Amino acid sequence: MRAVSFSFENYRNLQPGTLLPDAGVNVIAGDNAQGKTNLLEGLWLFTGGRSFRGAKDGELVRMGEDSHGAASLSLTFWAGGREQQGEIHLQGGRRRASLNGVSRRSASAMVGAFCAVVFSPDHLSLVKDGPTERRNFLDGAICQLSPAYASLLNRYQRTLQQRNALLKDIPRHRELLDTLEIWDDRLAGFGGAIMEERLRYVELLRPAAEAIYVGISREREVLGLEYQMTAAPKGREPGSCREALSRALSQKRRDDLGAGFTTAGPHRDDLLLTVNGAAARSFGSQGQQRSVVLSLKLAEAAVLEKALGEPPVVLLDDVMSELDVSRQEYLLNQMEGRQIFITCCDPSSVRLLEKGKVFTVQAGAVTQEAPL
Ligand code: ATP
Ligand code: MG
């Protein structure tokens, strides 16, 4: 998988232009606030995901008079053995997308065509913050593997909201208690399927993440990851997650009615990350936390590569400046055979590369440097 040509107009602070990236390493260099991350973010949108900076679509359009309130992005990419074409149009906070000339129902319907993995310093929240970030990581990664998972998540969320609303109504309308059973059953169905998908995904991710972490830490430390469930199944047979959630929902019914919300289910689960057996969130050093996140992201790329039969594009925002030379080398060796985009302030810090292209971004203007 690789980007062949990327054009942008009225996107963030970027001057209208076209980027013709290398099939291997692409260094995006420039001072702070020039538009480097904006460039990666624009590419990322073609995965069908939301901005990895958590920006709303309305914030992506260039501010100012000349924009007419609309931004256009166009990407020619190589995937599945052929050249493909994606278009994204942003206007009035809405995103319209088309793939190979066919317009898509929604931007998320692009998922699966152009696949990428992104690491940005914001992703350190994956280790540092609460479980929401880790659930989002798992869900985002699974969505790229199986686009149907997104609608499963949606259905679960909607059912959860309805069950929660019912929990709040029941104290005033006791007759509604009988209907709770129906919602429990639906929730256990969708929730059990989510738990199964996440369990399966963590099993795929673990060996890759462990191996990468061993490499990054020079064999000094061991990474552990485990999916922690609020309604853990006893076995691993098909349907056991559904059963476990169903049981937990009825056992916790009294608590849930008291709280006015659902206390068990995949919306409360977590991914436990440990370094040498201790929780990375509480005990990990800065460097260890960064290495954990990098390992997860690279493992995500490895799992995706296996599933797709071709490597996803790797977007690395601001990683190099924070890694020592041996870690940089390890990281770049991991990238063999993949197209990568790395942003940095000082291109000389990544000039240990012999091949590839260097682009400079200055006040939103992207220019390619003369060959190295
Ligand atoms: P750093 O090295 O600090 O990470 P960067 O080169 O990655 O910098 P970006 O985050 O890509 O910088 O770009 C930030 C610039 O883009 C800021 O000056 C910001 O004001 C500008 N910007 C962001 N959104 C828009 C927008 N919608 N319209 C115009 N400019 C914008
Ligand atoms: Mg940046």
Side-chain angles (χ1 to χ4, degrees), residues 3 6-21 25-47 49-75 87-97 107 116-126 128 133 286 289-290 293-294 297 313-323 328 331 335 339-351 353 356-369:
F6 175 44
S7 302
F8 31 86
E9 211 184 316
N10 289 327
Y11 186 76
R12 294 268 203 191
N13 77 327
L14 297 181
Q15 304 288 335
T18 296
L19 182 83
L20 297 172
V25 179
N26 295 278
V27 177
I28 316 285
D31 291 340
N32 294 137
Q34 301 304 305
K36 303 180 299 293
T37 304
N38 292 344
L39 195 68
L40 293 196
E41 180 190 44
L43 271 169
W44 170 257
L45 294 185
F46 286 91
T47 63
R50 265 173 283 160
S51 155
F52 58 78
R53 305 175 131 182
K56 298 195 187 79
D57 282 359
E59 294 161 4
L60 306 176
V61 178
R62 186 185 179 91
M63 293 180 280
E65 306 120 57
D66 59 336
S67 68
H68 307 297
S72 303
L73 300 170
S74 161
L75 179 72
E87 307 281 345
I88 293 176
H89 195 73
L90 297 151
Q91 190 166 27
R94 283 179 57 92
R95 204 195 294 192
R96 280 189 289 124
V117 167
V118 61
F119 172 88
S120 103
D122 289 353
H123 288 129
L124 290 173
S125 61
L126 237 168
K128 289 183 173 167
E133 303 291 329
Q286 303 256 44
Q289 293 186 342
R290 181 160 296 121
V293 178
L294 262 170
K297 290 286 171 174
V313 173
V314 179
L315 309 172
L316 300 174
D317 196 15
D318 258 345
V319 268
M320 287 316 195
S321 53
E322 290 156 346
L323 294 177
Q328 281 192 21
L331 190 65
M335 299 299 160
Q339 184 181 46
I340 61 170
F341 292 82
I342 317 175
T343 70
C344 61
C345 292
D346 175 15
S348 65
S349 66
V350 208
R351 276 193 202 234
L353 309 166
K357 288 184 182 173
V358 176
F359 298 90
T360 346
V361 186
Q362 197 179 11
V366 186
T367 40
Q368 190 186 333
E369 294 287 288

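Fair warning: this is a prediction, and the values are worked out from it, not measured in the lab. Quick note: numbers below take in every heavy atom, side chains included, and nothing from hydrogens, waters or symmetry partners. All ligand and atom numbering here is 1-based and tracks the order in the structure.
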Donor-acceptor contact below 3.5 Å, side chain [X] vs main chain [Y]:
{"X": "Gln34", "Y": "Ala363", "result": "yes"}
{"X": "Gln339", "Y": "Ala3", "result": "yes"}
{"X": "Lys36", "Y": "Asp318", "result": "no"}

Checklist entry - Short check: any N/O/S atom of Asn32 below 2.8 Å from the Mg ion (ligand 2)? => result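 Under 2.8 Å: Asn32 has no N, O or S contact with the Mg ion (ligand 2).
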Item to check | More than 12 heavy atoms from other groups under 6.0 Å of CZ on Arg53 | outcome: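 Counting other residues, nucleotides and ligands, CZ of Arg53 exceeds 12 neighbours.
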Next on the checklist: Using a 6.0 Å cut-off, check whether atom CD of Glu59 has over 12 heavy atoms from anything other than its own residue.
Outcome noted: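 More than 12 heavy atoms, drawn from other residues, nucleotides or ligands, come within 6.0 Å of this atom.
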What protein heavy atom lies closest to [atom]? Include the residue and the distance to one decimal.
{"atom": "atom 10 (O) of ligand 1", "result": "Arg53 NH2, 2.5 Å"}
{"atom": "atom 2 (O) of ligand 1", "result": "Lys36 NZ, 2.7 Å"}
{"atom": "atom 21 (C) of ligand 1", "result": "Asn13 CB, 3.8 Å"}
{"atom": "atom 16 (O) of ligand 1", "result": "Asn38 ND2, 3.2 Å"}
{"atom": "atom 8 (O) of ligand 1", "result": "Ala33 N, 2.7 Å"}
{"atom": "atom 3 (O) of ligand 1", "result": "Asn32 ND2, 3.1 Å"}

Next on the checklist: Heavy-atom pairs closer than 4.0 Å: do any link ligand 1 to the side chain of Glu59, the backbone, both, or neither?
Outcome noted: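 The part of Glu59 near ligand 1 is the backbone, not the side chain.
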Checklist entry - Taking heavy atoms and a distance under 4.0 Å, where does Val61 meet ligand 1: side chain, backbone, both or neither? => result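 The answer is the backbone of Val61.
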Next on the checklist: Within the 4.0 Å heavy-atom shell around Thr37, which atoms of ligand 1 are there?
Outcome noted: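 Under 4.0 Å from Thr37, ligand 1 has these atoms: 4 (O), 5 (P), 7 (O), 10 (O), 11 (O).
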Item to check | Interfacing atoms of ligand 1 (cut-off 4.0 Å, heavy-atom, Gln34) | outcome: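 Reading through ligand 1 atom by atom, the close ones are 5 (P), 6 (O), 12 (O).
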Item to check | For Glu9 against Pro16, the heavy-atom pair lying closest together | outcome: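 Answer, listing the atom of Glu9 first, then Pro16: CG-CB, 4.0 Å.
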Checklist entry - Which atoms form the tightest heavy-atom contact between Ala116 and Leu315, and what is the distance? => result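 Residues Ala116 and Leu315, closest heavy atoms: CB-CD1, 4.5 Å.
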Next on the checklist: Any atom of ligand 1 sitting under 4.0 Å from a heavy atom of Asp31?
Outcome noted: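 Right, Asp31 reaches ligand 1.
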Next on the checklist: Quick check on Gly35 - does any of its heavy atoms sit under 4.0 Å from an atom of ligand 1?
Outcome noted: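 Distance cut 4.0 Å: Gly35 passes for ligand 1.
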Checklist entry - Would Leu60 and Leu73 satisfy side chain to side chain contact (heavy atoms under 4.5 Å, CB included), going step by step from the backbone distance to the final call? => result CA-CA 11 Å; Leu60 306 176; Leu73 300 170; over 6 Å; no
Checklist entry - Just to confirm, does any protein heavy atom lie below 4.0 Å from atom 28 (N) of ligand 1? => result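 Neighbour list for atom 28 (N) of ligand 1 includes protein heavy atoms (cut-off 4.0 Å).
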Item to check | Any protein heavy atom nearer than 4.0 Å to atom 19 (C) of ligand 1 | outcome: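 No, because not a single protein heavy atom sits under 4.0 Å from atom 19 (C) of ligand 1.
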Next on the checklist: If you measure every N or O of Met63 against every N or O of ligand 1, does any of those distances drop under 3.5 Å?
Outcome noted: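 Yes; the residue has a nitrogen or oxygen that sits under 3.5 Å from a nitrogen or oxygen of the ligand.
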Checklist entry - Hey, does Leu60 come in under 3.5 Å of ligand 1, counting only N/O atoms on both sides? => result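 For ligand 1, there is no N or O atom that lies under 3.5 Å from one belonging to Leu60.
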Next on the checklist: If only side-chain N and O atoms count, and only distance matters, is there a donor-acceptor pair under 3.5 Å linking Thr360 with Glu369?
Outcome noted: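 Checked: Glu369/Thr360 side chains pair up, N/O donor to acceptor below 3.5 Å.
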Checklist entry - Any idea how Phe52 and Trp44 line up, ring-wise: parallel (<30°), tilted (30 to 60°), or perpendicular (>60°)? => result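 Perpendicular, since the angle between the ring planes exceeds 60°.
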Checklist entry - Taking C-beta and beyond as the side chain, do His123 and Val118 meet within less than 4.5 Å on heavy atoms? => result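 His123 vs Val118: side chains touch.
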